[in-house]
Amino acid sequence: MKNKTILFAMLLLVATACMQGTETTTTVSETGTTQSSTTTVSATIPEVDTAATAEATRDAADAAKDAAYKTGTAMETAGKAIQEKTKTD
């Protein structure tokens with residue numbers, strides 16, 4: 001769940017960082033003179049908390065190691081059980 005939250009936050013950060021818009025205004029006077037102005041609006045990019053990112057990376061690595069260990073243990077236990085049931089004397 002924590003990994004999904006971090007992924008969502010990172011995607012939101014990228015989406016926000018890519019937002020930029022341009023506004024153009026053109027006015028025409030009574031004499032026929034035109035004047036235009038262009039304004040570019042862009043979103044500010046929030047600062048990334050590198051300490052929290054590093055901690056989340058360590059947590060994910062620890063979870064992967066735990067899962068691999070538990071999977072190996074379960075396979076070993078299952079293998080022993082199969083050997084016991086198929087043992088021929």
Exercise answer: donor-acceptor pairs, residues 64-77 side-chain atoms, under 3.5 Å, sequence neighbours excluded:
{"residue": "T71", "atom": "OG1", "partner": "A67", "partner atom": "O", "Å": "2.8"}
{"residue": "T73", "atom": "OG1", "partner": "Y69", "partner atom": "O", "Å": "2.9"}
{"residue": "T77", "atom": "OG1", "partner": "T73", "partner atom": "O", "Å": "2.9"}

Q | Listed partners of T26 passing side chain to side chain contact (heavy atoms under 4.5 Å, CB included), at least two apart | A | T24, S36
**Q.** All side chain to side chain contact (heavy atoms under 4.5 Å, CB included) counterparts of S29, not counting sequence neighbours
**A.** T31, T33
Q) Just how far is it from atom CD of E55 to atom OG1 of T57, taken to the nearest 0.5 Å? A) 10.0 Å
